[in-house]
Each structure stands twice: as C-alpha cells, then as structure tokens.
Amino acid sequence: MSITIWNSTHRFRSLCRLQRIRGQMMTSQAGAEILVEKVGNAGVITLNRPKALNALNMNMIRLMYPQLKKWETDKETDIVIVKGAGGKAFCAGGDIIAVTEAGKRGDALAKNFFREEYILNNTIGTYQKPYVALIDGITMGGGVGLSVHGRFRVATEKTLFAMPETAIGLFPDVGGGYFLPRLQGQLGLFLALTGFRLKGRDVQRAGVASHFVESQKIAALEKELVDLKTPSIEDVSRVLDSYQKRSSLDAEKPFVLEQHIDLIDKLFQSNSVEGIVHNLKTDGSPFAQKQAETLAKMSPTSLKITFKQLQAGGAMSLQEVLVMEYRLSQACMVKGSDFYEGVRAVLVDKDHSPKWSPSTLKEVSEQSVEDCFSSLGDRDLKL
C-alpha cells in the first residue's frame, strides 16, 4: 500500500471513529434522562425516564433547551423529532413534587423550573425547522408543553391527553392559555376546567394533535422522516399525511364529545365560573350533572384563575401568554396554599381529599384572582 493511500485510509478511519465518539458523547453528555442522537440530518431527542412516565424535570429541561437551540442553527440538522421511551408515555407532566418541595424550602427551583420550562416551550413554539413530537402514550401537563406548540404532533391509539391542573391547585400552564382558547368553541375551556381526558384519535379530532398514526407504524414513520433530504414543512406534511391515510384504526368511531359539543358550547359560555356551574346544574342532563360534580372537586381558586387565563390568552401571542403564566405560577408557589395541598392529596398521600382554601367559589374574591396576574417587575419572564 502506498503512503498516500495509507494516509487517506487512516484519515478516513480516524474520521469515522471520531464521528462515532462524538455520537456517543452526545448521548452520554445528555445523561440517562435525555437521549440525544443525530441520525443523518435529523436530530432525535428521547425523553428517558420511563419509570416516571418520562416526567419532565429540571435536568431534562436544561439538556433539551441548548440542544434545540444548537440544532436550530446547525446547517447539518434539517428536522427534529422528539419521543418518549418505555412504550407507555411521551411525557406525563412536570416533576411537580420536586417543585412543591422546593417551594416549601424557599429553594430557587420553585422559580427556575417554571421560568426555564416556559422558555423551552417558547423555543418549540417558534422553532425554525420542522419539529415533530411523537406523542405515542400519556401526554399531560409538561408533556403537552413539549409537543402542542410544535408544528407537528402525531397521536396514536395509545395517546392519553389531559390538562389536569385544576385538580392539584394549579392552572393549565406551559402555554395552555394560548392553545386551549383556540380550540373549537368552548372545548378548550371545558378541557381546562374539568381536566377531561382525550384518547387516541380524539386528540387529533380536538385539534391538539396535528395527525393520527397507528402506533405500530410509528417506527416506520420515524425512519422515513429521518431519511428525508433537506425536508421542507410541506415534505414532512406529505409523509405524515400519507401515514395518517393508511391508519384506519377507530376511524369509524365518532368523536367522544360529538354528542355533547353543542351542550359544552352553550353551558360553558358564561362571564364567570359561577355562571358555568349554574348552567350545568340547571341543565339537568346526566352529562351536565357529571361536569358539575367534577368542578365541585377542583380548587375554586384554580378554576377562577384558569377561567381568567383563557379569557385573556385568546387575544395574546404565545410569548405574552407565557409571561402571564409565569406570574400565575409564582402566585401559586408563594401566595396560595392550594398547589401544595393539591399535590399532597393527589400525588403524595393520594387520599384524593384536598382541603381547598378558600373552599368555595364564592369565597374566592375577584381581587385575589386579579393579584395573581400582577407584574413581577424585574422578576417577570423575559423571552
């Protein structure tokens, strides 16, 4: 072998080895909780806390955000795909037990978690390259924030969507004030106040997911997306549309809320939460009675904050909504006890018997709700 050929071969092998090492470093640097891969010209992020249903913690946020920013300007990255490990969940929410524990201690995590999570949500909402979230499993709270603001959200029959925050003394954050009022009619307000769960194809029918693809086709879909060469938004759309057309599972089943959608629009059209509750109780239908019973279990403060949040958010940009929601998050951490009590009752002790304070809608003053929306001055979220 000539020295020239040997040098070329040696350099090529060294380059291949270096690329392998870099690939391994990207994954290992990301730690076990987030797996980062570069597959061709695709950046693939896997949420990797399957035992915790891929619940989003601070470490994951701090790994995901810079990676997305890097890929956004990287000429060799054309598309980003985000998915969850374990087969059960995309992401079941934020790690709010850690957040409430930090709040009790006066730890900075109570401020930083929401701040950095919302900055990540905004990055996804303004992403300059095709962003595809494969929400093949439980997708709630913080998991919705990692998907719903992206250009493409692919649901499967295993998808379970909900914004259940009013049951834990919080509000549907991560940009809930932006996407929920933009769903059809009063559907977003209904989902926000009641925490109603949508499954499978219904997640797309409601407008939360952009596409529905059968779970068994997701691996093939991902491969086809990864193999695209410098894909445009239209190229990605075409691939997703073609897989959706080949996914006939549950297509014949009507939308779970189809027979109730007119009633939802009528009963949830009100100037106040009290007005909605009155509408539900006077309607008398089994569906209305069930929703009245559900609302009676929720934090009265959370219900009023959520109502005002969605009213305001319908006319705001995503950025304005996230600034508003950061103010609300800090009000829930500092001023109110319901978030701590809700997390205790639902997630820690699991007795599902929260003692809300105030305990009735009537006792929650308009001023106390208004105060939650007040500017934080220098501490306001900056995007």
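Only heavy atoms go into these numbers, but all of them, side chains included; no hydrogens, no water, no symmetry mates. Heads up: numbering here begins at 1 and tracks the sequence.
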Quick one: do R201 and E157 satisfy salt bridge (Lys or Arg N to Asp or Glu O under 4.0 Å)? Show the steps, please.
CA-CA 6 Å; R201 196 178 279 272; E157 71 275 13; over 6 Å; no
Exceeds 12 heavy-atom contacts within 6.0 angstrom, atom CZ of R182
yes
Keeping the roles fixed (side chain from R115, backbone from R379), state whether a donor-acceptor pair exists under 3.5 Å.
yes
Working note: D283 + S285, criterion side chain to side chain donor-acceptor pair (under 3.5 Å); need CA distance, chi angles, decisive distance, verdict.
CA-CA 6 Å; D283 179 77; S285 67; 2.5 Å; yes
R205 and E258: CA distance, side-chain angles, deciding distance, salt bridge (Lys or Arg N to Asp or Glu O under 4.0 Å) verdict:
CA-CA 10 Å; R205 286 171 170 150; E258 189 172 294; over 6 Å; no
May I ask you to check whether over 12 heavy atoms, not counting those of K382, lie within 6.0 Å of atom NZ?
yes
Quick one: do D74 and K69 make a salt bridge, cutoff under 4.0 Å?
no
Assess whether side chain to side chain donor-acceptor pair (under 3.5 Å) is satisfied between D265 and Q186, documenting all intermediate values.
CA-CA 5 Å; D265 285 348; Q186 299 297 320; 5.7 Å; no
So, taking the atom named CZ in R327 and the one named CD in E325, what distance separates them when rounded to the nearest 0.5 Å?
12.0 Å
Applying side chain to side chain donor-acceptor pair (under 3.5 Å) to Y326 and D173, what does each step give before you reach the verdict?
CA-CA 8 Å; Y326 184 71; D173 66 334; over 6 Å; no
Side chain to side chain, T301 and V369, heavy atoms closer than 4.5 Å
no
Carboxylate-amine/guanidinium proximity below 4.0 Å for D235 and R238:
yes
If we ignore hydrogens and angles and just use 3.5 Å, is the side chain of E37 paired with the main-chain N or O of L35 as donor and acceptor?
no
Taking NZ, NE, NH1 and NH2 as the nitrogens, is one of them in K253 or D250 under 4.0 Å from a carboxylate oxygen of the other?
yes
I34 and T46, any side-chain heavy atoms less than 4.5 Å apart:
no
Starting at NZ of K129, measure out to CG of N41 and round the result to the nearest 0.5 Å.
9.0 Å
In short, ring pair (Phe, Tyr, Trp, His ring centres under 6.0 Å) pairs touching residues 229-266 with sequence neighbours left out are H260-F287
From I96 atom CD1 to N57 atom CG, the distance as rounded to the nearest 0.5 Å:
13.0 Å
Where do S270 and N279 land on the side chain to side chain contact (heavy atoms under 4.5 Å, CB included) test, with the steps shown first?
CA-CA 9 Å; S270 178; N279 290 346; 4.1 Å; yes
Do K304 and E274 meet the salt-bridge criterion of a basic N to acidic O distance under 4.0 Å?
yes
Does T139 use its side chain to pair, donor to acceptor, with the backbone of G137 at less than 3.5 Å?
yes
Just wondering, are more than 12 heavy atoms of other shown residues or ligands nearer than 6.0 Å to CG in D351?
yes
Show, in sequence, the C-alpha distance, side-chain angles and deciding distance for Y127 and L68, and conclude whether the side chain to side chain contact (heavy atoms under 4.5 Å, CB included) test is met.
CA-CA 9 Å; Y127 212 64; L68 287 177; 3.9 Å; yes
Less than 4.0 Å between a side-chain N and a carboxylate O, is that true for E214 and K217?
yes
Might you work through the side chain to side chain donor-acceptor pair (under 3.5 Å) test for Q319 and N122, ending with a clear yes or no?
CA-CA 7 Å; Q319 291 71 38; N122 183 58; 2.6 Å; yes
Enter the distance from S375:OG to D380:CG here, rounded to the nearest 0.5 Å.
4.0 Å
Please determine whether residues F152 and V44 belong to a single hydrophobic cluster, defined as Ile, Leu, Val, Met, Phe, Trp and Tyr linked transitively by side-chain heavy-atom distances below 4.5 Å.
yes
Looking only at atom types and distance, does a side-chain atom of S215 sit under 3.5 Å from a main-chain N or O of K158, one as donor and one as acceptor?
no
Point-to-point distance, once rounded to the nearest 0.5 Å, from CG of L347 to NE2 of H352:
8.0 Å
Within the supplied structure, the quantity of interest is the number of heavy atoms (other residues, nucleotides, ligands) at a distance under 6.0 Å from K281 NZ; does it exceed 12?
no
Candidate list L146, D95, V174, test side chain to side chain contact (heavy atoms under 4.5 Å, CB included), partner L56, passing option:
L146
Pairing of K223 and D227 as salt bridge, 4.0 angstrom limit:
yes
Do the side chain of E341 and the main chain of K355 share a donor and acceptor less than 3.5 angstrom apart?
yes
Parallel, tilted or perpendicular: which one describes the rings of F190 and F196, with boundaries at 30° and 60°?
tilted
Which heavy atom of I97 sits nearest to which heavy atom of T100, and what is that distance?
O-OG1, 3.0 Å
Short side-chain to backbone donor-acceptor contact, R153 and R151, under 3.5 Å:
yes
Spell out, as yes or no, whether a donor-acceptor pair under 3.5 Å connects the side chain of S302 to the backbone of G169.
yes
Heavy-atom pair with the smallest gap, counting every atom of N121 and L318:
O-CD2, 4.4 Å
Give the C-alpha distance, both sets of side-chain angles, the deciding distance and a yes or no for side chain to side chain contact (heavy atoms under 4.5 Å, CB included) between M64 and Q67.
CA-CA 5 Å; M64 194 169 172; Q67 190 62 60; 5.8 Å; no
Donor-acceptor pair, side chain of S374 and main chain of D371, under 3.5 angstrom:
yes
Dump the intermediate steps for side chain to side chain contact (heavy atoms under 4.5 Å, CB included) on V80 and V132, then the final yes or no.
CA-CA 6 Å; V80 170; V132 183; over 6 Å; no
So that I can tick it off, tell me whether D136 and K83 are bridged by a salt bridge, with the cut-off set at under 4.0 angstrom between side-chain N and carboxylate O.
no
Who passes side chain to side chain donor-acceptor pair (under 3.5 Å) against T360, sequence neighbours left out?
E363
So which atom in F113 and which in G94 form the shortest heavy-atom distance, rounded to 0.1 Å?
CZ-CA, 4.2 Å
Would you name the heavy atoms of L47 and N54 that are closest together and state the gap between them?
O-OD1, 3.1 Å
V203 to L198 - nearest heavy-atom pair and separation
CG2-O, 3.7 Å
Nearest-0.5 Å distance that lies between atom OG in S329 and atom NZ in K111
10.5 Å
Measure from NZ or CZ of K199 to the centre of the six-membered ring of F161 and say whether it is under 6.0 Å with the direction within 45° of the ring axis.
no
Name the one of K38, K70, E72 that satisfies side-chain hydrogen bond (donor to acceptor under 3.5 Å, both in side chains) with T77?
K38
Show the nearest heavy-atom pair for residues A162 and G195, with the distance to one decimal.
CB-O, 3.8 Å
Between Y131 and V82 (side chain of the first, backbone of the second, donor and acceptor by atom type, cut-off under 3.5 Å), is there such a pair?
no
If the plane angle is over 60° it's perpendicular, under 30° parallel, otherwise tilted; pick one for Y178 and H149.
tilted
Does S299 use its side chain to pair, donor to acceptor, with the backbone of D338 at less than 3.5 Å?
no
